[in-house]
Amino acid sequence: MEKFAEYGFNRSHSAAYSVIAYHTAYLKSNYPAEYMASVLTHNLNDIKKITFFIDESRRRGIPVLGPDVNESEENFTVNRNGEIRFGMAAIKGVGGNAVKAIVEERTENGLYKDVLDFAKRINLKSVNRKCFEALAMAGAFDCFENSHRAQYFYRENSDDSIFLEKIIKHAATWQEKQNSSQVSLFGEDTGFEEPDIELPECEPWSKVQQLKNEREVTGFYISGHPLDDYRVEMDSFCSHIIGDLNQDLRRLRNKVVTFAGMITLAEHRTTKTNKPFGRFAIEDFNDSISLVLFGEDYLKLRHLLVEGSYLLVKARIAPRFNNEAQLEVRVSAMSLLAEAIDQMTHEVTLKLNQESVTEEFIEQIASLIKTHKGNKALRLKVYDKEENVSLELKSTKSRVTPSSLVKELSLIPELDFKLN
């Protein structure tokens with residue numbers, strides 16, 4: 001403990017050691033991967049259920065991987081590693097005939113080497129341009145090395161066709177020559193082999209763009225969620241999720257709720273009496289809700305009503321002005337999620353398992369504290385899981401900037417933290 005004292009942490013005289021309750025039982029999956037794959041396939045046409053069951057599978061420790069032309073079947077399946085593989089039939093624009101052609105060719109002649117090999121071998125009448133684009137947007141070509149999704153849609157200039165079109169055209173020409181009479185009477189190949197075209201150099205899509213395109217062709221996000229970068233903020237500062245607000249509001253009557261999400265629709269309009277108001281839709285990981293801002297609230301917050309904005313929303317569940325029996329979510333304040341940590345955090349608590357406390361580890365934490373100096377209080381909690389005891393130390397010297405510190409702390413698996 002002497003090491004901690006060097007960095008301004010002092011043992012509290014009132015309650016240095018306190019007994020804490022640890023939940024050691026881990027909820028293991030009651031459903032095998034095969035069952036979850038079957039459930040996902042059964043609900044292919046219900047986006048909300050698909051999203052729920054994918055989240056449930058991952059929560060139970062069963063990975064759900066995106067589509068892959070070298071592994072996916074028509075429906076959701078389980079691969080040899082026990083992971084659920086996305087079914088290609090769930091991709092909009094990829095019909096049953098296309099899936100059948102892809103799987104049959106792969107089964108008969110082996111895995112596809114790259115997108116050009118795929119295009120040359122596949123039946124281009126069954127797998128058309130729309131299908132190619134949907135597969136690329138969904139990430140079904142991610143299995144090919146040294147490639148990324150943006151390359152398939154790259155244009156050299158505004159008048160140029162996208163690269164996928166060039167691939168399809170090249171493959172069609174190749175197939176036509178293969179099918180034509182290219183062999184002489186003496187068995188010599190008289191055909192001319194065109195050189196293959198290479199993937200263009202371009203910047204990969206941003207995470208947001210990639211996820212947006214995934215949702216366009218599947219109805220939901222596959223490789224992540226736009227809000228993934230704000231899980232700490234949402235876990236720390238939200239009292240409710242949007243799903244709570246879509247249920248019976250009577251249990252929340254007159255309560256103040258805080259929730260967060262991404263704006264997916266924003267409209268700035270005027271009433272019949274020419275007064276401005278705003279209507280917007282906001283969604284979190286599982287649900288969405290439509291809300292309205294009037295009067296001074298709208299004038300104060302309208303600059304935040306931008307599609308793609310990530311917001312923390314404070315609201316009160318109150319009766320409608322013209323109908324006391326009906327409740328509504330009345331927004332009172334909104335702020336950017338990106339600013340929430342620095343605006344709302346008063347103290348950062350670092351939680352360490354005593355087994356992880358080594359000289360090197362302490363030096364690492366101390367270095368981070370020095371690097372991210374700020375004006376928020378810092379507390380350290382060291383716990384012993386086996387003995388059910390913990391020791392809390394509050395720093396009298398060090399204060400930190402939470403937002404920058406949290407990004408670094410998130411990369412240390414041995415460390416947990418809490419924002420108050």
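Values below: all heavy atoms of this structure, side chains included; hydrogens, waters and symmetry mates excluded.
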>> Main chain of Lys169, side chain of Thr173: is a donor-acceptor contact present, judged purely on distance under 3.5 Å?
In response: yes

> For the ring pair Phe163 and Tyr152, is the centre-to-centre distance below 6.0 Å?
Replying inline: no

> Can you name the closest pair of heavy atoms from Ala377 and Lys394 and give their distance?
Replying inline: CB-CE, 4.5 Å

> When you look at Arg215 and Glu283, which way does the salt bridge (Lys or Arg N to Asp or Glu O under 4.0 Å) test go after all the steps?
Replying inline: CA-CA 14 Å; Arg215 188 170 191 177; Glu283 69 172 37; 2.6 Å; yes

>> Can you tell me how the ring of Phe132 sits relative to the ring of Phe141, calling it parallel under 30°, perpendicular over 60° and tilted otherwise?
In response: tilted

> How far does CG of Leu227 sit from CG of Leu337, to the nearest 0.5 angstrom?
Replying inline: 7.0 Å

> Taking everything shown except Gln247 itself, do over 12 heavy atoms lie less than 6.0 Å from its CD?
Replying inline: yes

>> Please evaluate residues Glu56 and Lys49 with respect to the criterion salt bridge (Lys or Arg N to Asp or Glu O under 4.0 Å), reporting the C-alpha separation (whole Å), side-chain torsions for both, the decisive distance (0.1 Å), and the verdict.
In response: CA-CA 10 Å; Glu56 180 66 12; Lys49 287 184 178 179; over 6 Å; no

> How far does NE2 of His42 sit from CD1 of Ile50, to the nearest 0.5 angstrom?
Replying inline: 10.5 Å

>> Return the CE to CH2 distance between Met137 and Trp205, rounded to the nearest 0.5 Å.
In response: 6.0 Å

> If you look at every heavy atom in Met262 and Tyr310, which pair is closest and at what distance?
Replying inline: SD-CE2, 3.6 Å

> Which heavy atom in Ser239 sits nearest to a heavy atom in Val256, and how many Å separate them?
Replying inline: OG-O, 4.4 Å

> If you count the non-hydrogen atoms of other residues, nucleotides and ligands that lie under 6.0 Å from NE2 in His268, is the total more than 12?
Replying inline: yes

> Is the Phe285-His225 ring centre distance short of 6.0 angstrom?
Replying inline: yes

>> If you apply the rule salt bridge (Lys or Arg N to Asp or Glu O under 4.0 Å), what do you find for Asp248 with Arg251, and how did you get there?
In response: CA-CA 7 Å; Asp248 188 355; Arg251 58 194 175 82; over 6 Å; no

>> Working to the nearest 0.5 angstrom, can you tell me the gap between Glu133 CD and Ile162 CD1?
In response: 4.0 Å

>> Could you check whether any side-chain heavy atom of Leu393 comes within less than 4.5 Å of a side-chain heavy atom of Lys381, counting everything from C-beta outward?
In response: no

> Just by distance, with hydrogens left out, do Asp342 and Ser403 show a side-chain donor and acceptor under 3.5 Å apart?
Replying inline: yes

> For the rings on Phe76 and Phe86, is their centre-to-centre separation under 6.0 Å?
Replying inline: yes

> About how many Å separate CG of Leu419 and CD of Glu347, when rounded to the nearest 0.5 Å?
Replying inline: 10.0 Å

>> Within this structure, what is the OG-CD1 distance for the pair Ser395 and Ile369, rounded to the nearest 0.5 Å?
In response: 7.0 Å

> Do you know which two heavy atoms are closest between Ala134 and Val94, and how far apart they sit?
Replying inline: CB-CG2, 4.0 Å

>> Can a side-chain donor-acceptor contact be found between Thr264 and Glu307 if the only test is distance below 3.5 angstrom?
In response: no

> How about Arg250: does its CZ atom have over 12 heavy atoms from other parts shown lying under 6.0 Å from it?
Replying inline: no

> For the residue pair Leu312 and Ala340, what are the closest heavy atoms and their distance?
Replying inline: CD2-CB, 4.3 Å

> Would you say the side chains of Thr401 and His372 form a donor-acceptor pair under 3.5 Å?
Replying inline: no

>> Give me the atom names and distance for the closest heavy-atom approach of Ile222 to Arg58.
In response: O-NH2, 3.0 Å

